[in-house]
Amino acid sequence: MSPELVSQLSVGGSTLVLLAGLAMLWRRGVRAHIGAFTAQSVALAATTAMVGWFTGDWQLWAVAALLLLIKGVGIPILLARMARRFGTERELEPYVNTATSLLVGGLLVLLAYLVTAPLVSVSQLPTRTGMPLAMGLVFVSLFVIISRKKALTQVLGFLMLENAVALLAVLGTHGIPIIVEIGVFLDVALGFIVMQVFVYQIHETFESIDVEQLNRLRE
Amino acid sequence: MTAAPFLALLLSPILAAAGALVLPPRWRAASVLHAGLGLISLLAALRFVALVLDGWTPTWGATVLFRVDALSALLAACVAFVAALAALLGPRLGPDDHYTPAQVRRFRVFSSLFAFTMLVAVTANNVGVMWIAIEATTIASAVIVPLTVTKASVEASWKYILIGSVGIALAFVGTVLGYFDFVTLVGQREYALNWTVLLANAPVLHPPVIQLAFVFILIGYGTKAGLAPMHTWLPDAHSEAPSALSAMMSGVLLAVALYAIVRWKAVVTAAVGHQFPNRLLIGLGLLSLAIAALSLVIQRQYKRLLAYSSIEHTGLMCLGLALGPLGVFASMLHLVNHTLAKSMMFFASGRILDRYGSPEIGRVSGLLRVMPWTGGLFAAGMIALLGLPPFGMFLSKFALVRAGFADGKGWLMAAVLALLAVAFVSLLAHLNRMLYGPAPAGIRRGESGGWAVVPLVACATMLVVLGIAVPAPITELLDRIVEIAGR
Amino acid sequence: MSPWLLGPVQAAMALLLAPGLVGAIRWMKARLQNRSGAPPWQPYLELRKLFAKEVVVSNNASWLFRAAPFIVFGSTVAVTLLVPLLAVPLPFDGAGDLLVVVYLLLLGTFFLALAGLDPGSPFGGMGASREMTVAALAEPTMALAIFALAWSAGSTNLGHIAARMLATPSEALAPGHVLAFAAIFIVTLAETGRLPVDNPATHLELTMIHEAMVLEYSGRYLALIEWAAALKLLVFFTLLGNLFAPWGIAAALTPGALLWAALTLALKLLALGGVVALVETHIAKLRLFRVPELLSASFILALLAVTASFLLR
Amino acid sequence: MRALFLLLIAGYVSGAAAALALGTGALSRWASALGAIVGASAGLALAAGACIRGAAFSLDAPGFFGPVGGMAFTLDPLGAVFLALTSLVAAPSALYGAGYARLWEGRPALRQVGFMLNVFLLTMSLVPLAGGTLTFLLVWEGMSLSSYFLVMTESDQPEVVSAGQWYLAMTQIGLACLLGSFLLLQSGGPGGFSALRAAALTLPPGTRDAVFALALIGFGSKAGLIPLHVWLPRAHPAAPSHVSALMSGAMIKMGIYGLLRVSLDLLGGGPAWWGGLVLALGAVSALLGVLYALMEHDLKSLLAYHSVENIGLITMGVGAGLLFGSLQMPAAATLALVAALYHTVNHAVFKGLLFLGAGAVLHATGMRDMNRLGGLIRGMPWTAALFLVGSAAISGLPPLNGFVSEWLLFQSLLPGIGAPSPLVAVLMVLSLGMLALTAGLCAACFVKAFGITFLAIPRSPEAAAAHEASWSMRAGMVVLAVACLVLSIGAFEIVPRLSSFVAPLVGVAGSAPSLSVGLALQTPGGFARMSPVLVAAGLALVVLTAWLAVKAFASRRPVRVGETWGCGRVVQTPRMEYTATAFAEPLRRIFAAVYRPSEDVSIDFHPDSRYFVQSISYHSAIVPWFERYLYAPVISRVRSWSERVLALQSGSAHAYLTYLVLALVLLLGWLVVTGQP
């Protein structure tokens with residue numbers, strides 16, 4: 001695999017991942033969001049596998065497999081169950097309407113390019129070209145968490161943030177040490193489970209998962 | 001030789017968690033075991049302090065995974081102390097505690113895990129593992145924030161987990177960028193994420209990348225440390241959590257997050273010089289001091305009052321880090337004092353909440369008459385937090401302001417003193433209203449759970465000892481820390 | 001005569017002259033109002049009568065009521081030891097200066113006011129309250145007038161001032177001096193309870209200030225207080241006379257000089273008494289809440305005196 | 001000297017321990033009082049050693065707190081005067097306190113008062129002994145804190161709670177200013193006072209002015225100078241009487257000590273405007289202090305306002321000293337400072353006496369409102385006589401010490417008239433006028449205080465049933481009364497010694513101007529001479545001869561007791577008497593511009609006819625200028641900021657996350673824009 005091919009593939013992969021993130025901004029339904037997240041996880045796993053194949057490092061293959069297993073399959077199943085449980089009502093009116101949120105998403109990607117300019121100039125790895133897109137996804141997922149009202153969507157935003165960071169790690173450093181990789185997976189999984197428990201609790205006490213109602217503690 | 005203390009330190013919370021899971025909480029043996037394991041981990045931490053003072057830096061693990069230097073030893077001691085206190089004074093099945101056995105079990109399991117994650121975070125040499133441990137602290141503590149499920153505690157826990165996780169993810173971005181900069185220079189190494197390696201190679205790293213990484217690190221760990229403007233989760237979480245947990249969170253979790261910032265500051269200072277990080281630290285520190293000080297003026301609940309005072313003291317410590325060697329000494333001394341005073345205050349406020357039944361300051365009056373010992377401890381803790389003489393915080397506040405003036409930042413210190421005056425006047429006004437005045441009718445007088453006051457009195461005496469004459473070992477430890485972080 | 005004897009002689013002379021001075025003023029006022037009036041030596045007869053009469057004391061009064069007359073009388077007599085009546089090298093000049101004189105008089109007023117309060121009658125309280133108000137407002141004028149005098153004379157001790165005035169008579173007509181004289185004259189009227197501030201002749205409860213405080217006294221105590229009041233008037237007149245127009249004060253202690261000094265002193269007292277009588281026949285009593293205006297006028301005069309003394313130096 | 005220092009600490013510490021350990025009986029009362037008296041006498045001996053024998057004393061442990069700073073104790077003559085003053089008031093107050101504490105026997109409050117009193121006395125005695133920045137601030141704050149707890153002993157009334165709040169707030173602001181001032185002066189160097197003196201020489205003028213201004217605010221708030229005095233009339237009446245005596249007698253003097261130490265000793269004098277500002281503040285404090293005292297009818301808050309007035313007088317002396325120092329008139333500066341120091345000592349003694357007297361009245365009748373007291377001289381002859389001595393002393397009446405220091409103050413302001421610049425001369429003349437007016441009003445106020453409280457007919461059953469104070473309370477007061485006379489008679493010995501302490505501060509090389517000739521005091525240049533001894537002796541002699549003469553010549557008929565004259569009415573009821581408010585009514589009308597009194601009179605008539613009155617209620621209040629126009633706006637401003645900041649905590653998770661992201665984006669933007677190298 002020649003370095004040029006790898007850089008094109010990595011750019012392609014990260015573009016796919018970023019597009020899935022922007023889809024979250026575009027679509028309203030929860031089911032669509034879950035679909036977007038699943039696609040994103042698969043694309044991320046593919047990119048990781050590609051980089052693993054290019055560097056011949058078995059650890060990356062293991063990571064890709066783990067990614068696919070947990071984020072591609074496990075979490076979407078749980079998410080679907082939660083979606084069924086809380087009814088698939090559409091995100092009625094998020095804080096920001098679709099047009100402006102897409103515009104903001106674009107601006108954020110531009111900001112990401114500005115911010116990661118020094119990174120790209122410093123690194124010699126072929127996969128460095130994908131990094132601005134990964135940073136873009138970081139900002140887009142932050143914007144998703146801010147602008148969406150449903151607790152479930154906020155959890156999805158958090159998971160997307162984790163995906164973005166994982167992508168950044170793979171592209172920038174061809175894989176962080178395995179201990180840390182496993183630890184990160186463990187954290188993300190546990191974090192998701194606890195958030196899921198809380199979403200159920202919110203639904204139980206507030207009869208809806210609209211974070212808007214959580215404004216009792218002020219001052 | 002070196003494995004034993006690590007095992008004692010890290011395994012005992014795990015065993016405590018397992019024990020609490022297995023043994024029914026109603027048994028006397030269960031709570032004794034739980035407390036005992038807490039004490040063992042405290043003894044291990046003190047052993048580490050002794051080792052460090054003798055000049056050792058114990059390490060353990062394959063690729064030097066765990067390493068305890070002066071800074072880690074100090075933090076480990078603080079974490080272990082507060083965890084032992086929580087194990088001793090946490091929710092149990094005593095006559096006047098209204099917790100169900102299931103709640104007690106859940107609390108014991110997750111508070112031990114919480115202690116374990118903090119101890120790992122503090123002793124890990126690997127920066128990645130440190131991040132994982134701090135992320136795990138959020139998860140472990142978030143589970144037991146809503147120990148008694150009410151609308152308020154659910155809301156507080158949701159905000160805590162959400163903001164905490166988002167913040168920490170940004171810190172991971174920073175860690176990755178740091179590692180990225182290292183890889184581009186030296187190529188992939190197994191032990192690359194070790195703090196010692198990063199520090200050694202720091203002068204060679206690229207300044208723009210490291211600055212970018214430090215911004216993410218500061219925002220990320222700043223969220224966990226409760227620095228403004230990422231502090232918003234703290235008052236809700238600390239006032240709604242059970243007082244034992246909020247004692248651990250307010251006392252040490254903020255300190256652990258600050259520990260992470262100190263670690264990265266050392267690396268960044270070596271790479272880029274101290275001007276850039278100091279400017280950021282002063283900015284955030286002053287902002288949190290301002291927001292906390294002004295929020296204290298109109299406060300209706302005493303637990304939220306303590307939470308805002310934590311934000312203010314963390315801001316002060318963060319400010320201290322940026323004022324040269326004496327500043328670092330002052331902020332570390334402040335850290336120790338704050339841990340002792342704040343955990344004591346939250347335990348005392350827990351007892352007040354049990355007795356008066358309402359968290360409102362307005363409804364608590366004549367505290368010295370109703371509960372002389374708890375009232376006295378509450379007053380002593382509050383006066384310690386104000387930095388008044390007999391207690392240690394006066395020395396650290398004095399040293400901090402002195403460092404500020406020595407560093408030539410006169411106007412900054414003037415602003416700090418003014419904000420501290422505003423904060424302290426409002427804290428005193430609230431304290432005055434609670435301690436004195438006529439006791440409300442129908443309140444049962446006299447202390448309850450007599451022996452529970454003993455550890456709190458121990459805390460108070462330690463604060464006085466720190467105030468009258470700072471013991472030699474602590475000064476020695478703090479000097480070592482200044483060498484690490486204070487360049 | 002040895003200098004140390006001069007003190008007691010001056011005190012004795014002052015004691016003798018004082019009732020006569022009050023009698024003379026009353027007599028002159030009567031003649032001005034073309035009344036025949038009591039003879040000038042009438043006060044001596046009153047004193048003799050009062051010393052013989054029986055003392056009636058209120059049942060509410062305490063030991064302070066009986067001790068106050070002695071303190072008032074004693075403090076006023078002590079003042080005469082400091083004031084240059086006859087000769088200039090005063091024996092007790094080192095003991096006290098003009099400030100001590102003012103404070104001794106304040107001591108007398110302080111205890112008189114307390115004695116006024118003691119029997120518990122409303123008039124005593126009213127008199128004490130008004131007397132202390134007037135005394136308090138007169139203080140700043142006295143202080144500034146003293147310092148105007150002292151600044152030009154180089155010392156606040158009365159002996160030095162009089163000696164300096166003797167040495168340089170032109171100083172007496174300096175503007176600062178004249179203004180200080182006017183200021184102290186107004187204060188004299190206020191302190192000794194003369195007409196514009198307080199009517200010495202009346203016994204109408206609501207208008208009198210000094211009389212109200214001594215309403216409850218009788219017998220020998222009343223005699224002492226009346227005598228002290230007369231002595232106070234004499235002291236003020238002597239201050240006005242000898243400090244501002246020191247001619248005739250004996251420089252040496254020869255009998256001839258002393259006789260001449262006594263004569264000139266008597267003349268000065270009568271002159272000042274005449275001025276006061278004239279003033280009292282022409283103006284009516286001020287309402288109490290107009291008195292501060294009078295005293296602030298005197299304060300301005302004293303202020304101008306002080307500024308004149310150091311501006312024109 | 002070191003043994004005395006250790007005895008001082010041991011005395012107070014043992015007193016404190018005794019108070020804690022020996023329960024709440026009479027034994028604990030006496031043991032803690034004994035400890036305090038031992039400590040106080042050790043302090044007095046230490047001070048005497050430093051004053052008379054000039055024995056230097058210093059003890060420092062540089063590394064005591066590690067790199068933070070060290071502890072250092074030194075005693076120089078200036079400090080010795082204030083140590084003597086504290087101990088002089090401490091011993092009688094402790095003795096008095098032992099009797100007064102019977103009130104709390106059997107209650108935990110006794111243990112708290114005994115302990116805190118000893119801690120308060122220890123920290124207050126250590127303030128003049130402190131030799132370094134950290135030590136000074138440590139004992140200074142300890143003094144404020146322990147006095148707060150003493151003020152809060154009877155804490156069930158709401159106004160005591162608010163008094164505590166005001167007091168703590170002012171101490172915190174004071175501490176912040178002092179921290180700023182000392183550390184600005186130290187600017188990184190070592191903390192010892194000698195090092196500070198050296199550092200002060202090299203400071204730029206701007207910083208020196210800042211150090212002085214902050215010190216003035218910090219020490220002014222403790223001393224009770226006018227704009228910062230609001231806590232004093234609230235805290236003193238709330239505290240037990242012997243504590244108020246200590247606070248008024250000694251604690252507020254530490255503010256003066258601090259001001260002298262920083263402005264004269266450490267900074268070594270400064271530009272003329274320093275002295276002018278202090279003089280002006282002193283004059284305003286004196287006049288407004290006495291004006292507000294006149295309107296009070298609560299005995300202890302009247303005495304508290306008089307503390308503000310006397311602090312004003314002392315500050316005028318200090319201000320004049322500073323001013324003359326800067327105008328290179330060392331002799332006049334020395335006289336002014338000696339007058340200030342001497343009045344500090346005198347005030348400590350007679351104000352302590354007055355507060356103890358007020359405490360005895362409170363102890364006997366349970367009331368402090370003068371309008372319901374009266375006629376106490378019959379039931380409490382000793383207390384009345386001693387209170388009279390105190391009142392005479394504070395009004396500056398001749399035989400006593402108040403007169404001597406007021407005379408010195410007048411004489412010290414006089415040379416100012418001859419000062420080169422006319423502005424200074426005008427300032428001097430005005431402050432002279434205000435000083436004289438203050439002296440006059442003070443005499444009027446104490447005629448009211450003593451007359452209405454002790455003389456005439458008792459206005460309430462409790463006043464009628466008043467009983468004399470216990471022997472220990474009287475003993476405390478007698479000691480202070482005798483001290484009043486001794487300080488006056490001994491002036492010719494004390495004043496020159498004070499001038500020898502103060503002269504080096506004002507840059508007088510060689511021997512200080514001797515301010516006394518034989519038995520008389522003499523101002524520099526022989527301007528004025530006065531001998532308190534001769535005045536007292538002459539007065540006593542004349543009064544005695546008058547008494548003997550009257551006894552010899554006047555009639556020997558016995559004194560007949562009759563009814564007070566009431567224009568022919570038979571019954572003389574207490575309601576016809578003058579009350580405190582009535583006594584001060586003329587002055588309220590005259591100074592209406594300052595007071596702006598508001599009066600509301602409500603009359604309810606007899607139901608049958610309009611011409612008969614059932615009851616009249618009269619309520620009048622004066623405008624609290626400073627609380628309303630200085631403190632209220634500041635407090636409301638801070639509260640509005642606080643509301644705006646609390647709006648941040650709006651409760652919505654989205655807003656919280658937005659703050660986080662905004663912070664990130666802003667920092668990144670700053671990073672990109674500045675384009676770090």
Side-chain angles (χ1 to χ4, degrees), chain C residues 51-52 54-60 62 64 70-71 73-75 77-78 81 92 94-97 99-100 103-104 106-107 110 113-114 117-122 125-126 128-130 132-133 135-137 139-140 143-144 147 151 155-157 215-216 220 224 288-289 292 299 303 306-307 310, chain D residues 375 377-378 392 395-398 403 407 410 414 417-418 425 429 432-433 436-437 439-441 443-444 447 450-451 455-457 520 526-531 534-535 538-539 542-543 546-547 550 553-555 557 559-566 572 576-578 582-583 585-587 589-590:
Chain C
F51 271 115
E54 177 201 30
V55 173
V56 178
V57 169
S58 150
N59 49 21
N60 303 326
S62 63
L64 194 73
F70 293 104
I71 297 173
F73 185 77
S75 64
V77 168
L81 295 175
F92 294 109
D97 65 352
L99 269 173
V100 173
Y103 271 101
L104 278 172
L106 186 66
L107 171 67
F110 185 87
L114 283 182
L117 277 169
D118 203 4
S121 79
M126 190 188 300
S129 154
R130 290 178 176 179
M132 288 315 289
T133 310
L137 293 178
E139 276 289 320
L144 287 188
F147 284 120
W151 190 254
S155 156
T156 53
N157 285 64
L215 208 57
E216 282 300 316
R220 52 182 180 274
L224 278 179
L288 179 71
F289 305 114
F299 176 72
L303 197 67
V306 172
T307 38
F310 74 78
Chain D
I377 195 163
R378 216 159 282 98
S395 317
L397 299 181
F403 161 68
W407 184 82
F410 268 111
L414 196 55
I417 297 179
V429 167
L432 255 172
L437 184 58
L441 291 173
V447 164
F450 181 77
L455 300 178
I457 311 163
F527 193 83
R529 215 146 46 129
M530 182 271 284
S531 153
L534 290 179
V535 168
L539 202 58
V542 170
V543 170
W547 185 69
V550 163
F553 299 110
S555 77
R557 293 173 48 185
V559 171
R560 190 161 60 85
V561 175
E563 194 67 48
T564 311
W565 168 253
Q572 176 70 8
M576 291 180 211
E577 280 178 305
Y578 246 58
F583 193 91
E585 199 272 339
L587 283 166
R589 202 188 284 257
I590 292 167

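We use all heavy atoms of the structure for the numbers below, so side chains are in, but hydrogens, waters and symmetry mates are not.
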Are side-chain heavy atoms of [X] and [Y] found at a separation under 4.5 Å?
X: D:Val559; Y: C:Arg220; result: yes
X: C:Asp97; Y: D:Phe410; result: no
X: C:Val100; Y: D:Pro398; result: no
X: D:Leu437; Y: C:Leu137; result: yes

Most chain D-contacting option - heavy-atom pairs closer than 4.5 Å, from [options]:
options: C:Ala143, C:Ala113, C:Ser121; answer: C:Ser121
options: C:Gly74, C:Ala78, C:Ser155; answer: C:Ser155
options: C:Phe147, C:Phe299, C:Phe51; answer: C:Phe147
options: C:Ala135, C:Pro292, C:Pro140; answer: C:Pro140

Rounded to the nearest 0.5 Å, what separates atom [atom1] in [X] from atom [atom2] in [Y]?
X: C:Asn60; Y: D:Thr564; atom1: CG; atom2: OG1; answer: 4.0 Å
X: C:Leu107; Y: D:Leu397; atom1: CG; atom2: CG; answer: 5.0 Å
X: C:Leu104; Y: D:Phe403; atom1: CG; atom2: CZ; answer: 6.5 Å

Heavy-atom donor-acceptor pair, C:Ser129 side chain to D:Phe583 backbone, under 3.5 Å: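 At least one qualifying donor-acceptor pair exists.
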Heavy-atom proximity to chain C below 4.5 Å, by part of D:Ala520: side chain
Under 4.5 Å from any heavy atom of chain C - which part of D:Leu441: both
Against chain D, label [X] side chain, backbone, both or neither, depending on which of its atoms sit under 4.5 Å from a heavy atom there.
X: C:Phe289; answer: side chain
X: C:Leu81; answer: side chain
X: C:Leu215; answer: side chain

If you count heavy-atom pairs within less than 4.5 Å of chain C, which of [options] leads?
options: D:Val447, D:Ile457, D:Val535, D:Ile377; value: D:Val447
options: D:Gly538, D:Pro586, D:Ala392; value: D:Pro586
options: D:Gly396, D:Gly451, D:Gly562, D:Ala425; value: D:Gly562
options: D:Val543, D:Leu534, D:Leu455, D:Val542; value: D:Leu455
options: D:Gly375, D:Ala582, D:Ser531; value: D:Ser531

Identify the heavy atoms of [X] and [Y] that sit nearest to each other, and give their distance.
X: C:Phe110; Y: D:Ser395; result: CE1-OG, 3.7 Å
X: C:Asn157; Y: D:Ala528; result: OD1-CA, 3.3 Å
X: D:Met576; Y: C:Pro122; result: O-CB, 3.5 Å

